[in-house]
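These notes are about the structure you will find just below.
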2 protein chains.
Amino acid sequence: MCNTLREEIQVKLQNGDYHCEKEMTLSIFSGKWKVVILWHLGVEGPHRFNDMQRLFKNISHKTLSNQLKELMEDGVISRKVYPESPPRVEYSMTELGYTLLPIIEMMYDWGKMRIEQLKNEGLIS
Amino acid sequence: MCNTLREEIQVKLQNGDYHCEKEMTLSIFSGKWKVVILWHLGVEGPHRFNDMQRLFKNISHKTLSNQLKELMEDGVISRKVYPESPPRVEYSMTELGYTLLPIIEMMYDWGKMRIEQLKNEGLIS
DNA sequence: CAGAATCCTTTAAGATACTG
DNA sequence: CAGTATCTTAAAGGATTCTG
């Protein structure tokens with residue numbers, strides 16, 4: 001019974017248990033790459049699958065694919081297919097996704113501040 | 001080579017790679033219970049171990065223990081032992097931890113908004 | 001190009017029992 | 001009370017191969 005946070009929240013909501021507001025948000029961008037994906041789509045605009053693969057370096061094919069799928073299920077990004085050959089697919093933020101951006105920006109700022117702090121304290125070189 | 005986000009960030013920082021600001025923040029509160037812990041400590045004040053166990057219901061002994069330990073390592077909560085018998089131990093937010101609270105509050109607000117939205121759309125009962 | 005499918009490893013988290 | 005230790009399960013993520 002080791003449910004994922006995402007599943008657990010989905011079940012809770014279906015059962016009318018709404019006391020999980022912060023977990024709900026966390027459940028959307030927890031996952032090793034989701035904030036990074038959202039950040040790039042939100043700040044730099046639409047990206048193609050292979051662009052992101054090159055950009056994120058180290059992310060595996062399957063993992064990228066999965067994370068994109070879940071973000072789509074959660075309604076924060078969307079997928080548009082252009083009828084070309086070779087196929088072109090672009091991922092971009094939805095309106096809902098953009099409402100999440102301020103949070104990610106705060107996370108960015110906090111991380112930046114904290115890294116500076118650690119440097120000043122000599123805890124990292 | 002399936003490192004945890006936390007470890008990966010720690011290694012990056014040690015190597016002078018500072019391009020991981022948002023992941024740095026995420027790495028601190030990703031984990032099924034960490035935002036919940038931080039929320040309660042931040043909004044309601046210090047808590048004892050068993051208080052939290054009762055409060056969070058469903059969290060296992062060991063998991064609570066681990067998450068607290070990591071949050072302490074990350075410097076966002078602190079632990080105070082009172083020399084009594086039976087022992088009393090209180091966990092509370094550090095100054096650094098409080099700087100994280102606005103982010104968690106935004107997560108709370110977003111989740112609340114989103115749940116309302118889903119209700120209005122009839123996607124959840 | 002953009003992926004789905006399969007197989008495999010690592011890690012997070014739960015259950016349970018034990019200790020000062 | 002406040003943990004630690006051990007064991008087990010489940011899920012996330014990686015590697016690789018295949019396809020329209």
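Residue numbers start from 1 in every chain, and the chains themselves are labelled A, B, ... in the order their sequence lines are given, proteins ahead of strands.
- The side-chain heavy atoms of B:Phe56 and B:Ile37, taken from C-beta on, include a pair separated by under 4.5 Å.
- We find that CG of A:Leu26 is positioned 14 Å from C1' of C:dA12, with the value rounded to whole Å.
- Side-chain proximity of A:Lys62 to the nucleotides D:dG14, C:dC1, D:dC7 is greatest for D:dG14.
- Note on A:Gln67: only backbone sugar-phosphate atoms sit closer than 4.0 angstrom, heavy atoms only; bases stay farther off.
- Spacing between atom CG of A:Leu5 and atom C1' of D:dA10 amounts to 15 Å, rounded to whole angstrom units.
- B:Phe49 and B:Tyr91 have tilted rings, their planes meeting at an angle from 30° to 60° on a 0 to 90° scale.
- For the pair A:Leu71 CG and D:dA12 P, the computed distance is 13 Å after rounding to whole Å.
- Using a 4.0 Å heavy-atom distance criterion, B:Glu90 is classed as making no nucleic acid contact.
- For D:dA2, the OP1/OP2 oxygens have a side-chain nitrogen or oxygen of B:Arg48 closer than 4.0 Å.
- Atom CD1 of A:Ile37 and atom C1' of D:dG13 are 13 Å apart (whole Å).
- Summarising the geometry, the separation between NZ on A:Lys57 and P on D:dG14 is reported as 13 Å, rounded to the nearest angstrom.
- Proximity of A:Tyr91 to the phosphate of C:dG3: a side-chain N or O atom is located under 4.0 Å from OP1 or OP2.
- Nearest heavy-atom pair across B:Leu5 and B:Glu23 is CD2-O, 4.2 Å.
- Set against D:dA12, C:dA15, C:dC1, the side chain of A:Arg54 has C:dC1 as its closest nucleotide.
- To the nearest angstrom, P of D:dA2 lies 14 Å from CG of B:Leu55.
- Taking only distance into account, the side chain of A:Lys32 never meets the base of D:dG13 through a donor-acceptor pair shorter than 3.5 Å.
- Rounded to whole Å, atom C1' of C:dC1 lies 13 Å from atom CG of A:Leu64.
- Taking atom CE of residue B:Met72 and atom P of nucleotide D:dA2, one finds them 14 Å apart after rounding to whole Å.
- Proximity of A:Thr63 to the phosphate of D:dG14: a side-chain N or O atom is located under 4.0 Å from OP1 or OP2.
- Considering only side-chain atoms of B:Asn50, the nucleotide from D:dA2, D:dG3, C:dC1 that sits closest is D:dA2.
- The listed nucleotides are C:dA13, C:dG3, D:dA15; the one nearest the side chain of A:Val89 is C:dG3.
- One N or O donor and one acceptor, one from the side chain of A:His61 and one from the base of C:dG3, sit under 3.5 Å apart.
- The backbone N or O of B:Ser27 sits nowhere less than 3.5 Å from a side-chain atom of B:Ser30 that would complete a donor-acceptor pair.
- The two atoms that bring B:Met106 and A:Pro102 nearest to each other are CE-CB, 3.6 Å, heavy atoms only.
- Formation of a donor-acceptor pair under 3.5 Å by the A:Thr25 side chain with backbone atoms of B:Gly111 is found in this model.
- Listed candidates were D:dT4, D:dT6, D:dA2. Nearest to the side chain of B:Ser65 is D:dT4.
- When each of D:dA2, D:dT4, D:dG14 is scored by its nearest atom to the side-chain atoms of B:Arg79, the top-ranked nucleotide is D:dA2.
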